[in-house]
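Heads up, the thing below is written out as structure tokens.
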Amino acid sequence: MLIQFYNSLVASGQPFEVIFVSADRDEASFKEYFKKMPWLAIKYSSPRRQGIQASYQVNGIPNLKVFGPNGNLISANAVQEPLNYSTFQRWQSMA
């Protein structure tokens with residue numbers, strides 16, 4: 001669902017990006033899962049990965065947080081939101 005949402009926004013020229021922060025138990029699992037994704041990712045070996053998880057209280061998966069262009073947190077639990085253009089417009093208005 002997120003892949004379709006992402007692809008439709010990008011194809012229509014909307015300013016939207018996803019950055020994957022893995023919660024996988026090992027790098028091989030991360031690579032296997034990530035190869036299906038069309039977006040960016042924090043390297044599994046990066047110390048930033050665990051720092052991001054701790055800073056934003058990522059305690060389980062799936063977890064989707066939305067940030068504005070200035071880094072402000074717009075939605076702490078976007079997994080619970082419908083992934084459609086109306087939601088995207090609401091996020092833009094909150095940025």
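Excluded from the calculations below are hydrogen atoms, water molecules and symmetry mates; all remaining heavy atoms, backbone and side chain alike, are included. Predicted, not measured: the structure shown is a model, and the values here were computed from it.
- Nearest heavy atom pair, residue A95 against residue G68, reads CB-CA, 4.2 Å.
- Here the CG atom belonging to N77 is positioned 7.0 Å from the CG atom belonging to N63, to the nearest 0.5 angstrom.
- Here the closest heavy-atom approach between residue S8 and residue F5 is recorded as OG-O, 2.9 Å.
- With hydrophobic clusters built from ILVMFWY side chains whose heavy atoms lie under 4.5 angstrom apart, L2 shares a cluster with Y33.
- Under the 4.5 Å side-chain heavy-atom criterion for grouping Ile, Leu, Val, Met, Phe, Trp and Tyr, F67 is not connected to V10 through any hydrophobic cluster.
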Original post:
Please walk me through it: do F34 and Y44 pass ring-ring contact (aromatic ring centres under 6.0 Å, His included)?
Top reply: CA-CA 10 Å; F34 181 65; Y44 187 85; over 10 Å; no

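- In terms of heavy atoms, Q92 sits closest to Q14 at NE2-OE1, 4.0 Å.
- Criterion: ILVMFWY side-chain heavy atoms under 4.5 Å apart, direct or through other members. Under it, L64 and V21 are not part of a common hydrophobic cluster.
- Contact record, I3 with P38: CG1-CD, 3.9 Å, taken as the closest heavy-atom pair.
- A distance of 4.5 Å separates CZ of R90 from CD of E81, quoted to the nearest 0.5 Å.
- In this structure, F88 CZ and S12 OG are separated by 7.5 Å, a value rounded to the nearest 0.5 Å.
- Ring planes of W39 and Y6: perpendicular class, angle over 60° (limits at 30 and 60°).
- The environment of I61 atom CD1 is sparse: at most 12 non-hydrogen atoms of other residues, nucleotides or ligands sit within 6.0 angstrom.
- Across all their heavy atoms, V66 and A78 have their closest contact at CG2-CB, 3.7 Å.
- S55 places no side-chain N or O within donor-acceptor distance of the main-chain N or O of I52, the cut-off being under 3.5 Å.
- The shortest heavy-atom contact between M94 and N72 is O-ND2, 3.8 Å.
- Using a distance-only test at 3.5 Å, with no hydrogens or angles considered, no donor-acceptor pair links the side chain of Q89 to the main chain of N84.
- Expressed to the nearest 0.5 Å, how far CG of L73 lies from NZ of K65 amounts to 6.5 Å.
- The distance from atom CD of Q53 to atom CD1 of I42, rounded to the nearest 0.5 Å, is 10.5 Å.
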